[in-house]
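The chains referred to below are lettered A, B, ... by the order of the sequence lines, with proteins before strands, and numbering in each begins at 1. Heavy atoms only: backbone and side chains are in, while hydrogens, waters and symmetry mates are out.
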4 protein chains.
Amino acid sequence: MVNAEKSRPGSGLPSTTLTLPSDEPTAAALITAAVEVMATQGYHGTSVRDIAAAAGTSAAILYHHFGSKQELLAILLDRGLDMLVMATEQALDLAGDDPADRLRAIVDAHVRMHLEAQRESMLGNSELRSLDPGSLRVVVAKRDVQQRIFERVVRDGVRRGVFTAPHPEDAARFVTTACTAVATWYRPDGPLVPDEIVRRYQEIALDAVRYHR
Amino acid sequence: MVNAEKSRPGSGLPSTTLTLPSDEPTAAALITAAVEVMATQGYHGTSVRDIAAAAGTSAAILYHHFGSKQELLAILLDRGLDMLVMATEQALDLAGDDPADRLRAIVDAHVRMHLEAQRESMLGNSELRSLDPGSLRVVVAKRDVQQRIFERVVRDGVRRGVFTAPHPEDAARFVTTACTAVATWYRPDGPLVPDEIVRRYQEIALDAVRYHR
Amino acid sequence: MVNAEKSRPGSGLPSTTLTLPSDEPTAAALITAAVEVMATQGYHGTSVRDIAAAAGTSAAILYHHFGSKQELLAILLDRGLDMLVMATEQALDLAGDDPADRLRAIVDAHVRMHLEAQRESMLGNSELRSLDPGSLRVVVAKRDVQQRIFERVVRDGVRRGVFTAPHPEDAARFVTTACTAVATWYRPDGPLVPDEIVRRYQEIALDAVRYHR
Amino acid sequence: MVNAEKSRPGSGLPSTTLTLPSDEPTAAALITAAVEVMATQGYHGTSVRDIAAAAGTSAAILYHHFGSKQELLAILLDRGLDMLVMATEQALDLAGDDPADRLRAIVDAHVRMHLEAQRESMLGNSELRSLDPGSLRVVVAKRDVQQRIFERVVRDGVRRGVFTAPHPEDAARFVTTACTAVATWYRPDGPLVPDEIVRRYQEIALDAVRYHR
DNA sequence: GATGAATGAGATTTCATTCAT
DNA sequence: GATGAATGAAATCTCATTCAT
């Protein structure tokens, strides 16, 4: 059984690698397939057979790698959030000291992740309700971690007088949710490339926290 | 949304316009029940019997009032969007001429609707995928109407030099999506009452479009 | 849903009628079919489809009448034990005062029931383990009732000096279990007809409790 | 039965003859595990994985030692009956010439075996139906051998005028089935120890065949 | 108009068994 | 000899929907 928390301690690999291929190729194929088809049809609208077919295997194989359809979803969402939080923290590490740069960095990481992993993002927004209580708690906790990062960056900027938003937490939430929502409207064949979306959202986010240029 | 029994304190709008009571009380009860249970379990995770039970009737009755489970969902989402658009347009009618007031008005309408009809909002965000193509087209079109209202208000403000957002469409989308997302985090027992959320979001929205006070 | 405990209060019907046809013919057919096929293949060796096919319907229909395969088994065994206890008590009512006659009466009822309802008897002996704890408690309790009837008759005979078994409870258990076991070896085409088996078992039972002729 | 680690206090028989340790310890462990878990859940209710897990190995290992789940069950029941018949015959060999002593001896062996190997006994009573026809024939034949031993002992006693049962075969069956049934009600924490049960059943059996003291 | 029975398709999950390593 | 992955069949149960009454 694949367990997501099997982190690779001491591994020097740069975690910027956004795909975390499992050691077991079949399990990885199943996860990829599940993301694809669940994002389109929803958790309950997707049958185990659908997932297996999309991964090129049989339904019984899925149960060889995952305890249940539920567990597959939980691992899916958990990994996605791990990647999001890791990318955001890493961006912050590289961002230097300027509050504006720091906000730009986490907006970049957050928006880019939701553009690149559009389907995981939509799953994360709509299928939390399909999780068992235990997994839900874990996932919500990691979601909160990400939200706290944004709050911290905004509050730091305010404390240092660089941002003057009167309600830093609300501004942070405003920004986070808008940045998450890119996954709901972005189309690869649309007018804006991801780089440009990121740039524009960075500036709007700075406006939203009252950064005075 | 349908049969929204809460009046909205502090809003000058007559709330009678926001309730669209069906002529047939059973149909209305079914819609209310469907919103309640589908918001929790999703469209595919909700059985026709679940809906009927929550409405206090039988599954067969549901088929007297709606052609199918699909149709019930389509009517549900369509009504919700109608109410959202109507409320927003009405707010704009009463808003006067000042671009800041106009933006404040539509943020008020949009946020308040998503706070009051939290469950419909979540359905609208997650279950578009469960619609048949025909209903999907209709609902997406109405969604676009709402989005256009925000774009128009922002662009007007920019044209008149009151807002200076360099990318009005993106700022409008930033604002709309953030305002929609209140439904995903608002809890009635949370620290902020709806009126206060609306006030704060109005100001952040004005910041996001670079309104210079 | 069929519920076994729906007794018909005030019904003047003679309960000697050993078949209790349900008001719902489909449910009755399913019970009959379940007895037949489960007695041959066991509870877990019998599929819901097997039962439905033997009853001439579909598996889905079974779930219209019974909540689960478990519930069907529970109702089955419960009804069988009700019939056994009722028949035994009625035999006792008609038996008069003589301890020997009373023992003969309950041996007659018990043996005859296990010969006539051979398959139910075998189910009752082997599939108690397949019951959920709640149903198991009920069924075991009714089994005990039957056992207590035998104990009481034997003890009464001993108290009145007609039987002289030194260990009345053990003799009663010896007799009951031997009488129950007729279902395990009886074949309708065997050398003895039920009447003759009953007669011989009555006499052996009287020997086992030391009835002195 | 296999690996019956309890020695039998008060029995003069050397208990080494009752354990048939398999040459292969894994096979023995699998048989022991199968008895344990099948007695609780039945043959069809027990999966090969259940058995393997209870034996501390894997399902694949089971197929190294047994051709199939069926074969395992057949071997199980066959060994159990071998031990029962052997113990009974050995008891008879040691019993001397007196018919009462001989009946006491076989009741002792039979009852004691069904108390000690309670689970095998229950399997033997309920899972004959799960055997393939070939194995069933073998097992039923051995069952008959045991039954014939009881019939012979009773008939001999009658022929010599020590017992006066009018129907020796029926009395023998009455006794055998009652003695077998101890496995269905005996609980180790019950009021009677096996020695006492054996003593009382010996006397009741003598009564059932009309042994006049 | 309302209801309980019916139904075929399909859902998730488990099974006994095999096979490559 | 031992093991984990694989697999097709089949298990229990639920579903949206229809229809006679």
- Query: What's the spacing between I51(C) CD1 and T32(C) OG1 if we round to 0.5 Å?
  - Reply: 12.0 Å
- Rounding to a whole Å, what distance do you find between F66(A):CZ and dT12(E):P? 15 Å
- Item | Atom-pair distance (CD on E71(A); P on dT14(E)), nearest Å | 12 Å
- Task: Measure the distance from CD on Q70(C) to P on dC13(F) and round it to the nearest whole Å.
- Result: 8 Å
- Query: Can you check whether H44(B) has a side-chain N or O nearer than 4.0 Å to OP1 or OP2 of dA16(F)?
  - Reply: no
- Task: Measure from CG on D50(D) to P on dT13(E) and round the result to the nearest Å.
- Result: 18 Å
- Note on the structure: Comparing S47(C) with R49(B), nearest DNA chain F nucleotide closer to 5' gives the residue S47(C)
- Message: Side chains of E71(C) and S68(C): any donor to acceptor distance under 3.5 Å?
- Response: no
- Taking only the side-chain nitrogens and oxygens of H64(C), find out if one of them lies under 4.0 Å from OP1 or OP2 of dT14(F). no
- Do S126(C) side-chain atoms and M122(C) backbone N/O form a donor-acceptor pair below 3.5 Å? yes
- Task: Starting from P on dC13(F), measure out to CG on L30(C) and report it in whole angstrom.
- Result: 14 Å
- Message: Nearest to the A59(B) side chain among dT17(F), dT3(E), dT17(E), which nucleotide is it?
- Response: dT17(F)
- Whole angstrom is fine here: how far is it from CG in L62(B) over to P in dA2(E)? 13 Å
- To the nearest 0.5 Å, atom CD1 of I75(A) lies from atom CG of D82(A) at 11.5 Å
- Query: For DNA chain F, what are the stems built from at least three Watson-Crick or G-U pairs in a row, each pair having both distances below 3.5 Å?
  - Reply: E:2-21 with F:2-21
- Task: Check every atom of dA6(E), dT3(F), dT17(F) against the side chain of H65(C) and return the nucleotide holding the closest atom.
- Result: dA6(E)
- Query: Side chain of Y43(A), backbone of L123(A): donor and acceptor closer than 3.5 Å?
  - Reply: no
- Message: Heavy atoms only, 4.0 Å cut-off, all strands: where does T57(A) land among base, sugar-phosphate and nothing?
- Response: nothing
- Query: Rounded to whole angstroms, how far apart are CG on D132(C) and P on dT12(F)?
  - Reply: 16 Å
- Item | Main-chain N/O of T46(D) paired to K69(D) side chain as donor or acceptor, under 3.5 Å | yes
- Considering heavy-atom distances to DNA chain E, does S58(C) or S68(D) have its closest nucleotide positioned more toward the 5' end? S58(C)
- Note on the structure: Regarding the side chain of K69(B), the nearest nucleotide among dA16(E), dT14(E), dA16(F) is dA16(F)
- Does a side-chain heavy-atom distance below 4.5 Å link N125(B) with S121(B)? yes
- Message: Looking only at the side chain of I61(D) (C-beta and beyond, no hydrogens), which of the listed nucleotides dT3(E), dA2(F), dT14(F) gets closest?
- Response: dA2(F)
- Query: Among dG4(E), dA6(F), dT17(F), which is the nearest nucleotide to the side chain of V48(B)?
  - Reply: dT17(F)
- Hey, does the side chain of Y63(B) come within less than 4.0 Å of dT17(F)'s phosphate (OP1/OP2), counting only N and O? yes
- Message: I need the CD-P distance between Q41(B) and dA16(F), as an integer number of Å.
- Response: 11 Å
- The reported gap from CG in L81(A) to CE in M83(A) (rounded to nearest 0.5 angstrom) is 10.5 Å
